[in-house]
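Note sheet for the following structure.
Residue numbers start from 1 in every chain, and the chains themselves are labelled A, B, ... in the order their sequence lines are given, proteins ahead of strands. Excluded from the calculations below are hydrogen atoms, water molecules and symmetry mates; all remaining heavy atoms, backbone and side chain alike, are included.
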Amino acid sequence: MAKLTKLEDIVSLCKRRGFIFQSSEIYGGLASCYDYGPLGVELKNNVKKAWWKSVVQMRDDVVGIDCSILMHPLVWKASGHADQFADLIAECKKCNTRTRIDHLKDKPNESAEEHTEHIALAAAAAGAQDLSRKVCPACGAVGNFTQPMPFNLMFETNMGANVDDSMTLFLRPETAQGIFANFRNVLDSTRVKIPFGIAQIGKSFRNEITTKAFIFRTREFEQAELEFFCAPGTDDQWFVHWKQQRFNWYLNLGIKKENLRFREHEKDELAHYAKGCVDVEYKFPFGSGDWQELEGIANRTDYDLRQHQRGMRTLNSWYENKGDLSKIKLKEEAEDYLKGPLSYFDDEKKSRFIPYVIEPSAGMDRSTLAFLVDAYDEEEVRGETRNLLRFSPAIAPIKAGVFPLVNRDGMPEIARKIFDDLKKYFNCFYDDKGAIGRRYRRQDEAGTPFCITVDGQTTQDNTVTIRQRDSMEQIRLATDQLKTYVREKLDL
RNA sequence: GCGGGUGUAGCUUAGUGGUAAAGCUCCAGCCUUCCAAGCUGGUAAUGUGGGUUCGAUUCCCAUCACCCGCUCCA
């Protein structure tokens, strides 16, 4: 990969080719928000389709769902997000460095806890007042901190146009909870049997304290998540299974092997409910060659379904407190929670249990960008630089360009007819402007894998040339075989 | 949120306290039978808001956005 060595190069490429624009750019932009342009939306849609095909369509044991972004507030009480999806940050008055207070330590030489889970806001605020002996990890100053500043990472909004009558809701910070909330519905309506999964692609929102780095961490982003429900005791094998499945998905779609790796989470880095977690990381080509997380695969145990059983028991308390989440406490788990409303009855073994959950959760925006930069290439052809995107045909925004070699002798008419026929089956682009070489190069830049050209011979024997993006080689093909030829290349 | 940097046409760059320049791209036309050819013409820019000034793209202030580093990162 040549020349694409800085984030700026990638941003520039994305804008130049119509993949990704700054949101609200004509108004000076809006931090952390980005729009997908004409090629970008095709690319991203194809990435999502490829995920859905691999995770849902090709499997007998996974079904799909599409949940609303707004959900009952108790969902977030039960999931823990309302109380715990938050950080307390204090700023060193001496050097202005901000540090999460749970990362602060008393003595300078203690090893810092690199990753700890988010903390319960209320409890931490009460217990965290005394920072007088804490040491700033940046400059070493002792006890020189501002008051801790709380950050809740969930977006709030209001439902109901009438102000007096409106209810505060949260924009979902993950799509997963919609799946857990529908576990019973899916079970009752689709004859699925454990082990099985429910998959969803959709937008999520997090008020990240810092964003930065283009679309790697944005406050509005799209996730593709699978919650795979299995019997306790089988969770480890399913964890391994999905780990492998998901890693291969990226490779099959063309990501170079040397740019992809797993990163296992350390025990102390795991969320409190997780038994295991591994990230799929991609080595982006800029800066120091940072490995960035594309996807996390976690063993969430039976935590989520058990929590929602507690949430369901809390409903009355919620009504009694007029929906004020801060005034209610999640009800304790029932003694016989294993037989609760979100449990599963195994007919063969005549046993009832709360399923364990394996969760592969992929960032669609990050993945799309990884596919884009991984496909980027420059090469020398006859002293000229050829820029191209070597997309897998499955995710290429345009599958075929259709050209008349020259604009006469009936060639445009034939090319038009071919274009009109093929566009019913896949994205095509018709171009009759300028020299043929220029048209090929334009498609190279968009990552179009095939170009079909009508020439003088076509009028005699109904064959055309079809040119390969990567090798620039051409073969002749009968026009009635074009559809089959291209479609075969689009399947994985 | 801190420190540093950047912001001129779609892209890459030039330049100046006094009419903002070029290459590529793009568009129109001519010409073209397979890889960014050539010719002619054309569209198009100083992020936003103030201030200083006769006059600001240039100097100053603010603001927005992006990049680098710190910080942070279910």
Side-chain angles (χ1 to χ4, degrees), chain A residues 6-18 21-34 37 79-81 84-85 87 89-100 103 114-118 136-139 146 149 151 153 173-174 176 204 206 208-214 216-217 223 225 265 269-274 277 279 286-288 292-293 296 298 300 359 361 363 381-388 403-409 411 433-445 451 453-459 464-465 467 469 472-474:
Chain A
K6 291 187 299 193
L7 189 53
E8 277 173 281
D9 298 334
I10 295 171
V11 173
S12 174
L13 171 78
C14 287
K15 181 175 183 185
R16 194 164 64 246
R17 300 290 165 227
F21 306 124
Q22 171 94 58
S23 170
S24 313
E25 193 183 284
I26 61 170
Y27 288 102
L30 180 65
S32 168
C33 294
Y34 294 90
S79 71
H81 289 86
Q84 298 189 54
F85 198 60
D87 290 322
I89 304 271
E91 189 169 306
C92 173
K93 289 175 185 167
K94 187 179 168 198
C95 67
N96 292 320
T97 300
R98 295 170 138 201
T99 311
R100 275 169 55 173
H103 286 184
E114 283 295 323
H115 297 268
T116 53
E117 64 198 64
H118 292 289
C136 174
C139 69
T146 60
M149 300 170 277
F151 289 84
L153 303 187
E174 63 177 24
S204 292
R206 294 178 190 178
E208 300 286 357
I209 296 161
T210 57
T211 52
K212 310 221 171 161
F214 200 36
F216 296 115
R217 194 181 313 129
Q223 294 182 297
E225 293 194 298
H265 284 218
E269 173 186 2
L270 293 174
H272 58 285
Y273 53 77
C277 188
D279 287 342
F286 47 81
S288 51
Q292 303 271 354
E293 175 188 350
R300 296 179 71 125
E359 177 197 74
S361 173
V381 178
R382 302 179 196 189
E384 299 271 356
T385 301
R386 186 169 83 111
N387 296 317
L388 68 161
F403 316 139
L405 184 58
V406 288
N407 286 304
R408 59 165 195 244
D409 302 337
M411 292 177 213
K433 290 290 183 346
I436 189 72
R438 177 178 293 274
R439 285 179 255 160
Y440 286 142
R441 296 301 174 83
R442 269 199 281 249
Q443 292 306 311
D444 288 340
E445 290 184 327
C451 286
T453 300
V454 171
D455 57 18
Q457 195 180 327
T458 309
T459 55
V464 295
T465 61
R467 178 254 195 194
R469 174 196 63 205
M472 299 194 291
E473 285 168 3
Q474 303 180 62

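The separation of B:rG50 from B:rC64, taken at their C1' atoms, amounts to 14 Å, rounded to a whole angstrom. On the C1' atoms, B:rA9 is 13 Å away from B:rA14, given to the nearest whole Å. With both ends at atom C1', the span from B:rU48 to B:rU57 equals 14 Å, rounded to whole Å. Going from the C1' atom of B:rA45 to that of B:rU12 covers 13 Å, rounded to whole Å. A gap of 35 Å separates the C1' atoms of B:rU43 and B:rG51, to the nearest Å. Separation of the P atoms belonging to B:rU25 and B:rA37 is 7 Å when rounded to the nearest angstrom. Taking the P atoms as reference points, B:rA21 lies 13 Å from B:rA44, given to the whole Å. Across B:rG1 and B:rC54, the matching C1' atoms stand 43 Å from one another, rounded to whole Å.
Listed nucleotides B:rC11, B:rC35, B:rU33 differ in distance to A:Arg408; the shortest reach to its side chain belongs to B:rU33. Closest to the side chain of A:Arg467, out of B:rC35, B:rU12, B:rC67, is B:rC35. Closest to the side chain of A:Thr453, out of B:rU32, B:rU12, B:rC34, is B:rC34. Each of B:rC66, B:rA74, B:rU12 was ranked by its minimum atom distance to the side chain of A:His81; first place goes to B:rA74.
Contact between the side-chain N/O atoms of A:Ser361 and the OP1/OP2 oxygens of B:rA74 is not found at any separation under 4.0 Å. Listed pair A:Arg438 / B:rC34 fails the phosphate criterion, with no side-chain N or O lying under 4.0 Å from OP1 or OP2. For B:rA65, neither phosphate oxygen OP1 nor OP2 lies less than 4.0 angstrom from any side-chain nitrogen or oxygen of A:Tyr27. Taking 4.0 angstrom as the limit, A:Arg442 places a side-chain polar atom (N or O) nearer than this to OP1 or OP2 of B:rC26. Contact annotation: A:Lys15 reaches the phosphate of B:rC11 (side-chain N/O to OP1 or OP2, under 4.0 Å).
Residue contacts shown for A:Gln22 are limited to sugar-phosphate atoms, with no base heavy atom under 4.0 Å away.
With a 3.5 Å ceiling on both atom-pair distances, B:rA36 lacks any Watson-Crick or G-U wobble partner.
One can place CG of A:Asp409 at 14 Å from P of B:rC31, the figure rounded to the nearest angstrom. Atom CZ in A:Arg217 sits about 14 Å away from atom P in B:rC66, given to the nearest Å.
With the nearest nucleotide of RNA chain B identified for both A:Glu293 and A:Arg17, A:Arg17 has the one nearer the 5' end.
Side-chain polar atoms of A:Asp455 and A:Thr458 form a donor-acceptor pair below 3.5 angstrom.
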Check step by step if side chain to side chain contact (heavy atoms under 4.5 Å, CB included) holds for A:Thr459 and A:Asp409.
CA-CA 9 Å; A:Thr459 55; A:Asp409 302 337; 5.8 Å; no

